[in-house]
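A short write-up of the structure that comes next.
Atom set for the values below is all heavy atoms of this structure, side chains included, hydrogens, waters and symmetry mates excluded.
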Amino acid sequence: MDFSYSPAETEFRTALRSWLADALPTGWGETVFEPKDEDERARFRLDWERKLHAGGWSGINWPRAYGGRGATLVERAIFAEEMARARAPEGLNIIVGHNLVGTTLLRHGTEAQKQRFLPKIISSEEVWCQGFSEPNAGSDLASVRTRAERRGDKFIVNGQKIWTSFAQYADWCIALVRTDPEVRKHAGLSFLLINMKTPGITIRPLRQISGESEFNEMFFDDVQVPAENIVGEVNGGWAIAMTTLAFERGPEDALGRQMRFKQELDELLTTLASLKRDGGHVIDDPIIRQKLAKSITEVEIMRLNALRSISRYLNGEDRGPDVSLMKLFWSHAAQRLYDTALEALGPLAPLWGSAATAGGRFQLSWLQSKAFTIYSGSSEIQRNIIGERMLGLPR
Amino acid sequence: MDFSYSPAETEFRTALRSWLADALPTGWGETVFEPKDEDERARFRLDWERKLHAGGWSGINWPRAYGGRGATLVERAIFAEEMARARAPEGLNIIVGHNLVGTTLLRHGTEAQKQRFLPKIISSEEVWCQGFSEPNAGSDLASVRTRAERRGDKFIVNGQKIWTSFAQYADWCIALVRTDPEVRKHAGLSFLLINMKTPGITIRPLRQISGESEFNEMFFDDVQVPAENIVGEVNGGWAIAMTTLAFERGPEDALGRQMRFKQELDELLTTLASLKRDGGHVIDDPIIRQKLAKSITEVEIMRLNALRSISRYLNGEDRGPDVSLMKLFWSHAAQRLYDTALEALGPLAPLWGSAATAGGRFQLSWLQSKAFTIYSGSSEIQRNIIGERMLGLPR
Amino acid sequence: MNFGFDGTQRSLGDTVARLLQSVPALTAPDLDPRQSDRVYEMLAECGLFALLVPESCGGTGLSLVDTALAVESLGGGLAPPAVIATLAATDAIVRHGHEGQRRELLPKIASGELRVAIALLEPGCGYDPHTMKSTIANGRLTGRKLLVPGAAEADLLLIVTGSGGKPTLALLDARSGGVATQVQESLDPTADFHEVVLKNVAVRPESLLGGASPERAVERLMDVSATLHAGMLMGIAAQMLHKTVEYAKIRVQFGQAIGAFQAIKHRCADMAVAVEAGQSAAYYAFWAIAEDSSDSPRAAAMAKSYCGEVARMVCNEAIQVHGGMGFTWELGLHRYLRRAKVLEHAFGEGAWHNERIVAATLAALIPETNRQWEVA
Amino acid sequence: MNFGFDGTQRSLGDTVARLLQSVPALTAPDLDPRQSDRVYEMLAECGLFALLVPESCGGTGLSLVDTALAVESLGGGLAPPAVIATLAATDAIVRHGHEGQRRELLPKIASGELRVAIALLEPGCGYDPHTMKSTIANGRLTGRKLLVPGAAEADLLLIVTGSGGKPTLALLDARSGGVATQVQESLDPTADFHEVVLKNVAVRPESLLGGASPERAVERLMDVSATLHAGMLMGIAAQMLHKTVEYAKIRVQFGQAIGAFQAIKHRCADMAVAVEAGQSAAYYAFWAIAEDSSDSPRAAAMAKSYCGEVARMVCNEAIQVHGGMGFTWELGLHRYLRRAKVLEHAFGEGAWHNERIVAATLAALIPETNRQWEVA
């Protein structure tokens, strides 16, 4: 075990840190922030990703052949830390494009698919979305009903998807579709790459309880998909989707999220240090300090859990149910963090927007956090996976 | 809704209070306590029950015909409160004899059985134990295998029971036995009354994690039970056992337990008020006070939950899954209470016995509390009952 | 002794619940504070505001405990918090108003003609009425009040403030000179919160409540408000439990209703236990404050603290069991989540009331002299 | 950067685990403090006490992080806490002992010839070494120490005490004049706790640790001990998880293994998440104190607080899943429950360390001057 860094790793960190100092606007994270409007924010994040790419900091751990720089997993972790330190913006294409589509294609795509798609993911020229869940296939994902019928050199796709993040900004979609309705439900699924500009696709934004519309419903009406845009074999989609989900819940994702939670926790601590109530500083309230200590510890453990998984992969182990452990932990810990934030804000916690402490960011995050334990595989699904695949308990 | 008492109820309370003042030894609960030795304590409790009976305070809500005084449920509740106020000892025969056997016989016994058994329960001349669970029939109680074969005017009983409270002091046992192994498992059970002096019964004490041996294993080897000692019909035992369990978990039981938790909580508060640490009183620690507040509230709610159920019965409703709500609540709340007690005792919490704060009673109770969520129907079973029978969720 | 409600009490609860159900906008997903404009009038028409007014003043002459189920229905139906502010103010005037206030105001409150808003919170203060910065000096009240529900529509403001270093209650015309009211953005815009700025507002002695013991009037207002909030919170929790159980019966995954899975069934059972326990605490508090029982401050504190925790847990679990649908705007569960949160933070959160619970319990248990014992 | 253990580290863990398994009495149900008499010697024979001793003093010259898995095995195997007291004392002598102490004591510790007991707690005090009542004055130490594991068998006592108003460490012969040792009854008799009464015990200057900065030696001892305790707690938690999962696979009710029921399966999953998280915290603390990283006090505090909570939760759930068998004496789960509890209360409970975590975090995050900002 060794948490110290090699000279090469330290050099990587220094280079990134100095690049970030130049690339981010002056006053970033202190006086300058992301746009509030959702569409503007999406454009802002896409611009930021393109800037990262121009600087050579996009998809760093991908092979050089597809535009990456072949960075090690440790460098990937340093990357996450430095982004956190600089409070750099999140990306629009990171979660689906980089983490899901990229990694899935690297494992299961044909060489032609890799050549066609990977460079444009890394450059963020093409944004991706994920069409897996359906109204009746949520936790029970293998029940997807969206049909893809083979006609000549095309698949004809009909059906409905739901919870599609950023579909409104996406150029492409990975979709899990049913190609054989006659067989056992897991055995009749395929994995398609669908151009979002194809006629027959309708998007309807879904508002969340936070008021934002990160998610969408997607309707496919006789959508034509060229046959070469299948990943893997026909009816072999389930196993590929499982790879995708393992990356969705993996340490790369967890480190990115930890970055954001750490920023918000630090902001909470500095806010409470300056917030006065009944003549004292809120930060000095021993009851609140106990809860803060728990969140400080849990946010640190989020990072350590992710680093442990990365180290397991470095030491030759495969991705497995460890990703479910990680997701279950961070999702519930983050909910506790925002519950604590609102408790600490006290009598004025109900205020929203400009009148609220810290501009209402903790209230918004609190609302958003309610979804953490549901999306990307609900806590119930993660517990099944851990119980059965890791602990070996019977189904 | 009315928590005030009628003149008759107030008179009942006054009479009981003055009787208790006379009946309990001087200094009771302050300088005079129950014996520490388990056998001595059992005898002490039995003596106390007989004293209660002599004073006319035993089985007060039973019909006069069987030795009770036909008290109302409200008087029953006042009784529990006054016993708590006086820190009166628990009884040995209350939980099984009075609450389970008595109430079951009152509902399902023949007149002859009532005449024979009830007066001796109320007088504590005969102590009872409960032979329901078996090593392979715990949560899955309907799986009992102890066989009872009819031979002439007798049942011949063979098998093993477990978790039998106070079997070592008991004169009689209620037993759930299999009389028909061929039918569906719930349909082949009968409910027997077994004299513990019958040849063929062996008792082996089971030590609990607290070091005490409240429970036993019981082995039946060709035990002869007169045929008239069946309650209800042959193969009709399951429904009767369910009545018994509803009383085991009922408000009478809950009020008795609440009595003890309230005593211990008060003892904890007075202990912490006099306990000094680092120059201050432990009771002034704001972090500990938060946890104490929760336990104070929960112990009060235990009482209120029980009173609500009693009021439901008064208002004509039947006993139902409300008893599972009550048991689930008090068992977990009591565990939190003793966890809080040990936390509050702080660095010296590991001490035991005479060296420990308050003589180590909180440490013993903490150990004992681990069983609360398991016996009398585990929390998992209670949740099934509430989910299915109260909320109507599918099996 | 009977810890159950009688026919009249139950029927009041049902009436209010049905009436609110007839206004779909109340529980609609969108956060429009105006969607409930008509509700106050409807509730007045059905006699809600007359309940606590003595018969001699044109009311029904019931006690707070009679309203417990009605308040629960107000909570579950997402009635605006301004409604319970008027109920709490009615109790304050009945118990601590002088003859003039009772005679003049109560009949108009009973008929729905007068609405009262309660102003407690201030910037930089907690919930303790002793620490408020606003004060009455030389017959003038100056201060700044936050998160006052329904202040813009209110005819009267019941203001928790200080006078001569002691907490007091001033009952003022909302249109008095020097009163400025402005909408405040909040987590639950439908709670209709306002900031009220008070600048040298004239306060005549006859506008004060509580006569010679204004502190008792303030304490009672806090306890009554805490209890009413606890009741509202339990209404939300019961409603969330109900919706969750119904959803678990019809939502199918893996070939069966999700309510058959223990992961869901047992969670629903835990929600039911929490609702039962919270109701026990809330109902007892209603009884205790109605009877002015000596333990009523403690009972109110227990109810507010515990029911806030219950509502929080139940709302979170309700969203979780509803899965993806749970966090959509359209299903509207967020309305209950938001409302529960703002009620949790009104008239004392858990930690604040917990401290009061311990203090009250110790005061009853241990005579002050014993507190100084030491253990060797 | 590699947050994994190498072959040597893993093998050390396995060796200790196997060695302890060969002593069934260690985990037997009965609470006999003597059941583990031979264990100290066996561990010495396999070289455990040489690990932290520099090669120049006859040891293996490893660092604390190398012992993390071995400490976890000590926890899971219910090795007596006296074992880790000697390990913590070894670190104290290596880092803060003077040349004479190092040269004289370390070789004998390495060989198992010398055992060290650590005395911290005092009546009426908390965990803070600054508040101890025992003191050294005029070369004489007087005080009373409680819950000292293994004091009767120890050759040396490492005593946290005060001198000139500051915390300091005295390393004394356990048989010095004025030292009286007596067994203390405890929740876990197998932890072998003693009371140590010190009456005018002679303390020569060369018996002190830490040279010019004794406070740093005390702080380090607290952090090292907290971390070692966190490691032991995780050993218990991992062992309880393992036993619970194995039981859930074989115990049949309602016609299937209970591990198939979500009520049990999901609880096991939550236990696994807790164990993973606790190990993350504990392993990082081992690394941080081994490297003397600037965040090591915070890392140790996090590990002790969090792992105490994890072990508590996992032990409770383990008993629950085992049902009736869980609370029998014979199955012996109570041994782990008791041990976890006494370890939780040693070298700082959760609340105490939580306060340190917040203080350390704020100190790093906010320069002191900023603490005085006010919000309008």
Side-chain angles (χ1 to χ4, degrees), chain B residues 133 135-143 162-163 185 205-213 215 275-280 282 285 287-288 291 335 339 342-356 360 363-364 366-375 378-381 383-384, chain D residues 29 31 120-128 130-131 146-147 184-189 191 193 195 251-255 258 261 263-264 267 312 315-316 319-335 337-338 341-352 354-355:
Chain B
S133 297
N136 288 304
S139 286
D140 184 11
L141 184 59
S143 290
I162 197 169
W163 316 126
K185 63 183 184 176
L206 272 175
R207 259 178 112 182
Q208 293 157 251
I209 58 178
S210 61
E212 300 161 305
S213 301
F215 299 104
L275 188 65
K276 288 191 89 172
R277 190 147 65 230
D278 283 345
V282 175
D285 180 330
I287 298 160
I288 290 170
K291 297 187 178 184
Q335 288 183 342
D339 262 352
L342 264 58
E343 266 182 76
L345 294 180
L348 302 185
L351 289 172
W352 182 264
S354 54
Q363 287 81 351
L364 179 62
W366 175 77
L367 281 173
Q368 290 169 336
S369 75
K370 300 303 171 193
F372 295 166
T373 51
I374 296 170
Y375 63 39
S378 70
S379 297
E380 290 71 29
I381 291 299
R383 292 189 185 105
N384 276 342
Chain D
L31 295 171
L120 170 68
L121 296 176
E122 299 186 3
C125 298
Y127 299 102
D128 187 346
H130 292 82
T131 62
L146 304 177
L147 292 168
Q184 282 195 298
E185 278 190 276
S186 89
L187 198 50
D188 181 9
F193 286 119
E195 180 181 13
R251 169 71 175 171
V252 172
Q253 287 282 272
F254 303 102
I258 60 170
F261 293 103
I264 304 301
R267 188 162 300 156
R312 186 199 287 206
C315 286
N316 285 344
I319 289 175
Q320 184 70 22
V321 172
H322 278 81
M325 290 308 297
F327 68 85
T328 56
W329 185 272
E330 283 77 8
L331 199 72
L333 295 189
H334 70 106
R335 290 291 315 280
L337 181 73
R338 289 167 189 266
K341 199 63 178 178
V342 306
L343 295 178
E344 187 189 337
H345 283 270
F347 291 95
E349 295 148 278
W352 190 71
N354 283 344
E355 183 51 45

Let me know if [X] has heavy atoms under 4.5 Å from chain D in its side chain, its backbone, both or neither.
X        : answer
B:Gln368 : neither
B:Ser143 : neither
B:Ala356 : neither
B:Ser354 : both
B:Leu345 : neither
B:Ile381 : side chain
B:Ala137 : backbone
B:Ser379 : both

Identify which of [options] forms the greatest number of heavy-atom pairs closer than 4.5 Å to chain D.
options                                : answer
B:Leu348, B:Ile288, B:Leu364           : B:Leu348
B:Gly211, B:Pro350, B:Pro135, B:Ser133 : B:Pro350
B:Gly138, B:Gly346, B:Ala355, B:Gly353 : B:Gly346

Which atoms of [X] are under 4.5 Å from chain B, going by heavy atoms: the side chain, the backbone, both sets, or neither?
X        : result
D:Gln320 : both
D:Arg267 : side chain
D:Leu121 : side chain

**Item:** Sequence-distant partners of B:Trp163, ring pair (Phe, Tyr, Trp, His ring centres under 6.0 Å), two or more places apart
**Value:**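 Partners of B:Trp163 under the ring pair (Phe, Tyr, Trp, His ring centres under 6.0 Å) test: D:Phe327.
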**Item:** Set of residues satisfying ring pair (Phe, Tyr, Trp, His ring centres under 6.0 Å) with respect to D:Tyr127, sequence neighbours excluded
**Value:**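 Residues passing ring pair (Phe, Tyr, Trp, His ring centres under 6.0 Å) with D:Tyr127: D:Trp352.
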**Donor-acceptor contact present, side-chain D:Glu344 to main-chain D:Glu349, <3.5 Å** =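 Not a single qualifying donor-acceptor pair exists.
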**Message:** Run B:Ile209 and D:Leu337 through side chain to side chain contact (heavy atoms under 4.5 Å, CB included) and show every step you take.
**Reply:** CA-CA 9 Å; B:Ile209 58 178; D:Leu337 181 73; 4.1 Å; yes
